[in-house]
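Throughout, a chain's letter reflects where its sequence line sits, starting with A, and its residues are numbered from 1. Because only heavy atoms are used, hydrogens play no part in the values below, and waters and symmetry mates are left out as well, while side chains stay in.
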Amino acid sequence: MALHVFNTRTKQKEPFVPADPKVVRIYTCGLTVYSHMHIGHARTYCFWDVFRRWLEYRGYHVISVINYTDIDDRIISDAANGGTGMLDHAERIIASFRQDCRALNIKDYATYTRATDFVAEQIDAVQALLDKGHAYVSDGEVLYDVRSFERYGELSGRTIEALQEGASGRTADAERERKRFFADFTLWKPSKPGEPSWETGKPEWPSGRPGWHIECSVMSTTTLGAHFDVHGGGIDNLFPHHENEVAQAEPLCGHPWVGYWMHPAHLQLLDESNDPVKMSKSLGNVISIPELVKNHSADQIRWFFGVTHYRSSLAFNWQLLAESSKGFEKIKRAVGILERRLEQASDAELNIPVQGTYASLRSGDQAIPRERESFVHGAFGEASARFIERFIAGMDDDMGTSKATAALFDYVGELFVGGIEASDDVPSLLAAYRCLTRHLWVLGAELPNPRLYPELAVECTRSADAGGGDEAERVAALGGVIDKLLEARQDARKAKDFAKSDLIRDLLQAAGVAVEDTPKGARWQLG
RNA sequence: GGCGCGGUGGCCAAGUGGUAAGGCGGAGCUCUGCAAAAGCUCUAUUCGCCGGUUCGAAUCCGGCCCGUGCCUCCA
């Protein structure tokens with residue numbers, strides 16, 4: 001079975017077939033840069049990252065674009081209140097967004113677009129919609145004529161009538177006067193004094209700024225072409241934002257404008273009594289990324305996200321994150337054990353390149369991953385083959401990361417039963433290590449040891465500044481001292497001086513170093 | 001009011017017609033100087049409730065109860 005994804009446009013799972021058999025073009029609605037990225041955004045962007053990684057694992061080249069909405073009412077008012085210019089304000093938010101993404105191990109996008117860099121194209125698009133009769137000018141403002149687009153409401157499953165009912169009594173009189181129809185939305189509006197403004201050269205709407213919806217339609221088609229494969233954003237964007245984007249773009253680009261619409265669900269914060277609560281600045285309960293990664297690794301966070309399917313809303317509190325991290329420890333321990341075993345091997349023994357090619361992306365039964373043959377060798381090969389099959393089946397079914405995590409648990413169990421803790425069989429251990437880290441990579445976790453898996457290590461964008469570096473440094477600095485202490489402890493144990501050996505272990509424990517005895521001697525890690 | 005989504009063991013969570021994955025927590029055991037880790041066994045005759053279709057339903061249909069999202073700020 002090939003990859004299937006749930007397409008919001010058709011409301012069903014469909015085989016994923018990009019326009020170009022080897023390339024997937026994705027546009028993601030990004031942040032409105034009036035405030036910093038928070039845990040809710042993290043869930044969404046981590047999903048896009050996993051989706052991208054899964055496509056890459058399957059052999060596609062992915063071109064992903066994300067935008068910053070750097071002009072809208074809130075940015076203008078926030079910037080005004082903060083006493084800075086709008087663009088300075090946006091600049092700071094963008095810089096912290098990039099940093100937060102790196103902290104979460106989210107791969108860089110091919111392009112990051114800013115609405116203010118595409119104003120000329122937006123003006124052209126507005127004019128084109130006017131020319132085609134889909135828009136009208138009202139007192140210097142350009143509005144989209146919703147009733148001129150017969151498919152309006154199709155994407156989000158609404159009808160004009162239903163919208164009208166929902167809106168009854170909610171539209172202000174002033175708004176009714178400006179608009180021909182209550183649901184008409186702004187394409188271009190005059191700026192107030194002191195607000196950012198662009199000249200259009202159009203007599204009827206000479207200056208002002210673009211509306212939110214036109215920004216995205218224009219940025220996506222300008223960077224990815226008139227038709228592209230995936231357009232996504234949080235479920236809250238479905239209406240009105242994406243509905244309006246379709247209404248704008250299809251008259252200009254044709255139908256269907258994009259192949260697949262995908263909408264990850266929200267993360268829902270739970271309060272002390274486990275009731276859902278809205279995250280908001282005024283309640284002071286917004287969880288920032290620095291706060292999130294302070295006591296949890298990116299791996300743990302991404303594992304937590306992966307356990308729940310992306311189209312289910314995800315409840316969050318620190319307790320739930322802690323419980324999921326507890327489960328992830330077993331996976332991490334297996335990786336650690338393999339790494340320790342292999343660290344002792346010589347370069348010559350480890351010199352087993354990972355190889356493979358994709359049969360053909362055009363055939364439905366492509367051999368994936370391309371490294372498969374390198375993974376299924378040796379003592380753990382059968383377990384690895386079973387695991388890969390389950391992992392792929394799970395992910396192919398509309399990004400079933402829950403099934404993928406279950407497969408990982410079972411695989412790791414088989415590796416323990418298979419004896420990774422005592423094995424000296426370097427080729428087998430290496431194949432298992434690579435198989436495990438390769439698939440953890442898909443979920444956004446685990447930077448592999450470059451010495452053990454150089455091919456994958458170079459693919460990882462995470463650098464030493466992303467949180468892993470600190471621990472690596474600590475380990476390097478402490479290693480020598482700890483090894484000396486453990487030697488002393490081992491001597492004490494041999495002499496049956498358990499009081500002394502336990503004292504050493506307790507001291508290390510107190511210093512944050514967990515010690516475990518194994519058939520191959522003591523092992524330690526920072527706890 | 002309109003349009004959706006969801007209710008699976010103490011908790012999290014898969015499963016969309018063939019007889020309940022996986023994880024956390026809990027109980028017992030093996031191994032071990034003791035820990036830790038790992039392994040083994042047990043922990044839902046049952047999937048919000050009531051009807052219906054079917055040889056067979058957590059899965060399909062109808063009704064009801066509860067929760068939740070959106071209805072022009074929102075990932």
Side-chain angles (χ1 to χ4, degrees), chain A residues 11 28-32 34-35 37-48 69 72-74 146 153 156-159 161-171 175 182-186 212-213 232-241 243-244 263-268 274-276 278-280 303-304 307-309 311-315 319-320 322-331 333-334 337 390 394 397 400-410 412-413 415-417 419-422 493 496-499 501-502 505-506 509 514-519 522-523 527:
Chain A
K11 284 149 200 79
T28 308
C29 281
L31 213 58
T32 300
Y34 69 89
S35 67
M37 181 176 177
H38 59 62
I39 186 170
H41 301 114
R43 198 254 173 132
T44 301
Y45 298 129
C46 286
F47 166 71
W48 292 119
T69 301
D72 87 348
D73 293 343
R74 285 177 84 159
V146 161
S156 58
R158 280 153 224 257
T159 60
E161 295 73 42
L163 286 171
Q164 202 148 22
E165 259 188 84
S168 58
R170 296 176 59 178
T171 1
E175 200 170 351
F182 80 95
D184 291 351
F185 56 90
T186 299
W212 175 35
H213 311 299
I235 186 69
D236 51 289
N237 283 147
L238 178 56
F239 188 89
H241 185 50
E243 191 67 59
N244 291 351
H263 293 96
H266 276 191
L267 177 143
Q268 182 74 57
N274 278 354
D275 291 323
K278 195 110 182 159
M279 242 190 307
S280 76
W303 183 263
F304 173 73
V307 166
T308 303
H309 186 86
R311 285 190 290 115
S312 300
S313 72
L314 170 64
Q319 173 70 27
L320 288 167
E323 281 169 14
S324 128
S325 299
K326 188 82 180 19
F328 180 62
E329 260 178 42
K330 179 169 174 178
I331 310 285
R333 197 183 305 278
I337 287 168
R390 277 183 66 194
D397 183 12
T401 50
S402 325
K403 285 173 255 186
T405 57
L408 274 159
F409 274 119
D410 289 339
V412 162
L415 292 179
F416 277 119
V417 172
I420 50 170
E421 288 183 283
R493 291 180 72 206
K496 301 236 187 270
D497 185 354
F498 297 121
S501 68
D502 287 349
R505 184 171 62 192
D506 291 346
Q509 189 75 49
V515 177
E516 288 175 20
D517 290 318
T518 76
R523 174 169 74 220

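A:V515 is not listed as a side-chain neighbour of A:Q509, based on a closest heavy-atom distance of 4.5 Å or more. Residues A:Q319 and A:N274 are not in side-chain contact: their nearest non-hydrogen atoms beyond the backbone lie 4.5 Å or more apart.
For A:D236, the listed nucleotide lying nearest its side chain is B:A75; candidates were B:G15, B:C12, B:A75. In the set B:U72, B:G39, B:A38, the nucleotide with an atom closest to the side chain of A:R333 is B:A38. Checking B:A21, B:C24, B:C70 against the side-chain heavy atoms of A:E323 singles out B:C24 as nearest. Among B:G39, B:A14, B:C71, the nucleotide with an atom closest to any side-chain atom of A:F239 is B:C71. Among the nucleotides B:G22, B:U72, B:C12, the one closest to any side-chain atom of A:F409 is B:G22.
Among the atoms of the strands shown, only primed sugar atoms or phosphate atoms (P, OP1, OP2) are found under 4.0 Å from some heavy atom of A:D410. A:L267 comes within contact range of at least one nucleobase, with a heavy-atom separation under 4.0 Å. Contacts of A:A183 with the nucleic acid, taken as non-hydrogen atoms under 4.0 Å apart, include base atoms. Residue contacts shown for A:G157 are limited to sugar-phosphate atoms, with no base heavy atom under 4.0 Å away. Here A:K496 lies out of heavy-atom contact (under 4.0 Å) with every strand. A:H263 comes within 4.0 angstrom of no nucleic acid atom, judged by non-hydrogen atoms across all strands. Looking at heavy-atom distances under 4.0 Å, A:F498 makes contact with a base. At the heavy-atom level, A:R493 lies under 4.0 Å from base atoms of the strands shown. Here A:N244 lies out of heavy-atom contact (under 4.0 Å) with every strand. Note on A:G400: nothing from the nucleic acid sits closer than 4.0 angstrom, heavy atoms only. Note on A:G394: nothing from the nucleic acid sits closer than 4.0 angstrom, heavy atoms only. Nucleic acid contact for A:R43: none, since no nucleic acid atom lies under 4.0 Å from a heavy atom of the residue.
Here A:K326 does not reach the OP1 or OP2 of B:C11: none of its side-chain N or O atoms lies under 4.0 Å away. OP1 or OP2 of B:A14 has at least one side-chain nitrogen or oxygen of A:S402 nearer than 4.0 Å. A close approach under 4.0 Å does occur between a side-chain nitrogen or oxygen of A:T32 and OP1 or OP2 of B:A75. Residue A:K330 places at least one side-chain N or O under 4.0 Å from the OP1 or OP2 atom of B:G39.
A 3.5 Å limit on both hydrogen-bonding distances identifies no Watson-Crick or G-U partner for B:U16. A 3.5 Å limit on both hydrogen-bonding distances identifies no Watson-Crick or G-U partner for B:U53. In this structure B:A21 sits in no base pair that meets the Watson-Crick or G-U test at under 3.5 Å. A 3.5 Å limit on both hydrogen-bonding distances identifies no Watson-Crick or G-U partner for B:C34. B:U59 is unpaired under the Watson-Crick or G-U wobble criterion, no partner having all donor-acceptor distances under 3.5 Å. Summarising the base pairing, B:C74 is matched to no nucleotide, lacking a Watson-Crick or G-U wobble pair whose two defining distances lie under 3.5 Å. Remark: B:U68 base-pairs with B:G4. Criterion, Watson-Crick or G-U wobble with two distances under 3.5 Å. Remark: B:C40 base-pairs with B:G28; criterion is Watson-Crick or G-U wobble with both hydrogen-bond distances under 3.5 Å.
For A:E243 and A:S156, the side-chain atoms include at least one donor-acceptor pair closer than 3.5 Å.
Comparing the P positions of B:G25 and B:A20 gives a spacing of 26 Å, expressed to the nearest Å. B:C61 and B:U54 have their C1' atoms separated by 12 Å, given to the nearest Å. Comparing the P positions of B:G23 and B:C31 gives an interatomic distance of 24 Å, to the nearest angstrom. Comparing the C1' positions of B:C12 and B:C50 gives an interatomic distance of 29 Å, to the nearest angstrom.
Note: CD1 (A:I420) to C1' (B:A37) measures 11 Å, nearest angstrom. For the pair A:F182 CZ and B:G2 P, the computed distance is 16 Å after rounding to whole Å. Whole-Å rounding puts the A:I39 CD1 to B:C74 C1' distance at 16 Å. The distance between atom CD of A:E421 and atom C1' of B:A37, rounded to the nearest whole Å, is 6 Å. The separation between A:R523 atom CZ and B:A37 atom C1' is 7 Å, rounded to whole Å. Distance CZ (A:R158) to P (B:U72): 9 Å, rounded to an integer number of Å. Straight-line distance from the CG atom of A:N237 to the P atom of B:C70: 12 Å, rounded to whole Å. As rounded to whole Å, 13 Å separates atom C1' of B:G15 from atom NE2 of A:H309.
The ring of A:H266 lies on top of the base of B:A75, close enough and flat enough: under 5.5 Å between centres, under 30° between planes. Look at A:Y45 and the base of B:A75; the rings do not stack under the cut-offs of 5.5 Å between centres and 30° between planes.
A donor-acceptor contact shorter than 3.5 Å is absent between the side chain of A:T401 and the backbone of A:V307. A:R43 places a side-chain N or O within 3.5 Å of a backbone atom of A:A265 that can act as its donor or acceptor partner.
The aromatic rings of A:Y45 and A:H41 lie parallel to each other, with less than 30° between the two planes, well short of the 60° mark. Taking the six-membered ring where tryptophan is involved, the planes of A:W212 and A:H241 are essentially parallel, since the angle between them stays under 30° and well short of 60°.
Note that CZ of A:F47 and CG of A:L314 are 13.0 Å apart. Values are rounded to the nearest 0.5 Å. Expressed to the nearest 0.5 Å, how far OG1 of A:T405 lies from CG of A:D410 amounts to 10.0 Å.
Nearest-nucleotide assignment on RNA chain B puts the 5′-proximal partner with A:F304, out of A:R505 and A:F304. Both A:P276 and A:A407 lie close to RNA chain B; mapped to their nearest nucleotides by heavy-atom distance, the more 5′-ward contact belongs to A:A407.
Put simply, the side chain of A:D517 and the base of B:C34 share a donor and an acceptor less than 3.5 Å apart. If you check distances only, the side chain of A:D502 does reach the base of B:G33 with a donor-acceptor pair under 3.5 Å.
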